[in-house]
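Below is one structure, written out as structure tokens; the observations come after it.
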Amino acid sequence: MQHRPSHEITSTGTPTTGAERAWSARMAALAASYHRLLAQDPSRRSARLEELLQAPPKPLGAPNWSVPNEIEYLMLPMLVGPELDLALDGALLTAGRLAVPSLAGLTKRREVQVRDDEKQALLARLLRDIHLRQAARQSERIERRKAAGRLARLGFVLTGGLVAVLVGLGLQADHPAGHQLLAQYNLALTTGFGVLGAYVSRLVAFQTGAAQLSVDDLENGYAWQVLLLRLLVGGLSALVVYFVIAGRLIGGELLPQAQGAAGGFGRLWQDHGADGYSGPTPAFAKLIVWCFLAGFSERFLPDSLSALEAKGRV
């Protein structure tokens with residue numbers, strides 16, 4: 001009497017996550033294939049295979065994918081004739097779906113393989129490459145989640161801090177002390193918006209390109225040290241742009257106009273109507289936007305300084 005393996009993930013027998021459901025489905029499919037092969041030839045029975053089919057799914061808190069991978073390797077000698085052709089064609093389809101790099105070369109070899117031992121060797125190579133690609137994709141998913149967590153925490157801190165500062169200054173804007181605070185700390189505020197621009201730049205890059213990033217790209221591009229360095233560059237860029245605008249080195253209708261001999265920006269906060277709404281003046285709003293852009297675009301400051309250098313040589 002054959003012993004049917006059980007693939008229960010939880011104490012209730014129900015997989016609880018997508019990875020667990022995928023693991024359970026794959027183990028069930030392998031068990032079905034094994035018993036179908038045994039029905040055709042009982043001499044193919046393998047004690048090691050039956051032991052693996054009984055393996056617990058979560059020895060380290062996650063589905064153990066090495067178990068079904070090893071089962072596939074051990075079942076290779078059992079596959080002959082049409083069964084082998086079907087397994088090989090299925091592996092090629094899986095390799096295509098996973099974008100396995102070696103797929104083109106292995107597909108060409110598939111067209112010339114005739115003997116079963118040649119097909120088994122080709123299938124073994126395909127399975128190895130598929131397993132490596134699956135492991136790489138799993139690592140990429142883990143690193144993407146880590147990078148997203150870092151960006152989320154950093155975003156909450158930056159946005160919350162700037163909102164708190166603006167609200168606090170806005171509440172004091174009706175008082176002379178509030179205007180003095182704005183005039184005193186506008187440099188720090190604009191630098192903060194440069195830092196925010198650098199953060200948004202990394203956030204947009206992550207959202208648009210995360211699916212194509214490798215593990216190395218995610219680890220090197222979104223580590224805490226790299227993120228903080230990018231924020232530092234954004235803040236310094238905004239600081240330089242602030243002084244460039246305040247010094248009237250560049251100008252235009254879209255730029256805030258410095259006022260007075262000292263190059264300040266005049267009143268930074270004002271009432272905008274009889275309903276009591278108060279907010280930044282157009283000059284201060286423009287200054288914030290340009291400092292944000294200086295932090296957001298890595299080319300903004302170098303291009304601006306190059307233009308100034310060329311202008312100074314004229």
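It should be emphasised that the depicted structure is a prediction, and the values quoted were computed from it without experimental measurement. Note that the numbering runs from 1 along the sequence shown for the chain.
Nearest heavy-atom pair, M75 versus S33, reported as atom, atom and distance to 0.1 Å: CE-CB, 3.7 Å. When all heavy atoms of R144 and F206 are compared, the pair lying nearest together is O-CZ, 3.5 Å. The shortest heavy-atom contact between A238 and G194 is CB-CA, 3.5 Å. Here the closest non-hydrogen pair linking L231 and L158 is CD1-CD1, 4.1 Å. When all heavy atoms of G234 and A198 are compared, the closest pair comes out as CA-CB, 3.8 Å. The two residues I130 and L98 make their nearest non-hydrogen contact at CG2-CD1, 3.8 Å.
V233 and V200 fall into different hydrophobic clusters, where Ile, Leu, Val, Met, Phe, Trp and Tyr are joined by side-chain heavy atoms under 4.5 Å apart, directly or via other members. Under the 4.5 Å side-chain heavy-atom criterion for ILVMFWY residues, a single connected hydrophobic cluster contains both W65 and L30. V215 and I142 fall into different hydrophobic clusters, where Ile, Leu, Val, Met, Phe, Trp and Tyr are joined by side-chain heavy atoms under 4.5 Å apart, directly or via other members. At a threshold of 4.5 Å between side-chain heavy atoms, the hydrophobic network of Ile, Leu, Val, Met, Phe, Trp and Tyr places L228 and V195 in one connected group. Residues I71 and V80 do not share a hydrophobic cluster, clusters being chains of Ile/Leu/Val/Met/Phe/Trp/Tyr side chains in contact below 4.5 Å.
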Inset, instruction - With side chain to side chain contact (heavy atoms under 4.5 Å, CB included) as the test, would you mind laying out the steps for Q225 and L229 before giving the verdict? - result: CA-CA 6 Å; Q225 298 90 330; L229 182 62; over 6 Å; no

Legend entry - Derivation of the side chain to side chain contact (heavy atoms under 4.5 Å, CB included) call for L239 and T190: CA-CA 7 Å; L239 183 64; T190 51; over 6 Å; no

Inset, instruction - Step by step, work out the side chain to side chain contact (heavy atoms under 4.5 Å, CB included) result for E140 and L213. - result: CA-CA 8 Å; E140 289 166 4; L213 295 176; over 6 Å; no

Inset, instruction - Let me see the working for H131 and Y73 under side chain to side chain contact (heavy atoms under 4.5 Å, CB included), right down to the final yes or no. - result: CA-CA 11 Å; H131 296 160; Y73 285 123; 3.5 Å; yes

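The line from CG of L84 to CG of L123 is 6.5 Å long, rounded to the nearest 0.5 Å. In this structure, L103 CG and R97 CZ are separated by 12.0 Å, a value rounded to the nearest 0.5 Å. To the nearest 0.5 Å, atom CG of residue L92 and atom CG of residue L126 are 5.0 Å apart. Annotation: the span from F292 atom CZ to Y199 atom OH amounts to 11.0 Å, rounded to 0.5 Å. Separating the CG atom in L88 from the CZ atom in R109 is a distance of 10.5 Å, to the nearest 0.5 Å. Taking CZ of R48 as the reference point, atom CG of L53 lies at 10.5 Å (rounded to 0.5 Å).
Geometrically, R202 engages Y222 in a cation-pi contact, judged by NZ or CZ lying under 6.0 Å from the ring centre and within 45° of the ring axis.
Inter-residue side-chain proximity for S214 and E219 is flagged as unmet; no heavy-atom pair is nearer than 4.5 Å. L227 is listed as a side-chain neighbour of L151, based on a closest heavy-atom distance under 4.5 Å. Inter-residue side-chain proximity for S237 and F300 is flagged as unmet; no heavy-atom pair is nearer than 4.5 Å. Counting only heavy atoms from C-beta outward, the side chains of I288 and L189 never approach each other to under 4.5 Å. Under the 4.5 Å side-chain criterion, counting only non-hydrogen atoms from C-beta, M78 is in contact with L49. Considering only heavy atoms from C-beta on, L127 comes within 4.5 Å of L76 through its side chain. Contact of the R110 side chain with the D85 side chain is registered, since non-hydrogen atoms from C-beta on lie closer than 4.5 Å. Annotation: side chain of Q40 is in contact with side chain of L37 (closest heavy-atom distance under 4.5 Å).
No donor-acceptor pair under 3.5 Å is formed between the side chain of S201 and the backbone N or O of G197. Side-chain atoms of W23 come within 3.5 Å of backbone atoms of N64 as a donor-acceptor pair (strictly under, hydrogens ignored). In this structure, the side chain of T208 engages the main chain of V204 through a donor-acceptor pair within 3.5 Å. Looking at S297, its side chain never comes within 3.5 Å of a backbone N or O of L293 through a donor-acceptor pair.
E50 and Y34 form a side-chain donor-acceptor contact under 3.5 Å, judged by distance and modelled atom types alone. Of the N and O atoms on the side chains of Q134 and R137, not one donor lies less than 3.5 Å from an acceptor on the other residue. Side-chain contact, N69 with S66: no donor N or O sits under 3.5 Å from an acceptor N or O.
Aromatic ring centres of Y242 and W290 lie farther apart than the 6.0 Å criterion allows.
Remark: K108 does not engage E111 in a salt bridge, criterion side-chain N to carboxylate O under 4.0 Å. A salt bridge is absent between D129 and R133; no separation between the charged side-chain nitrogens and carboxylate oxygens falls under 4.0 Å. We find that R128 and E72 are not joined by a salt bridge, their nearest charged nitrogen and carboxylate oxygen being 4.0 Å or further apart. Using a 4.0 Å cut-off between charged nitrogen and carboxylate oxygen, E83 and R36 count as a salt-bridge pair.
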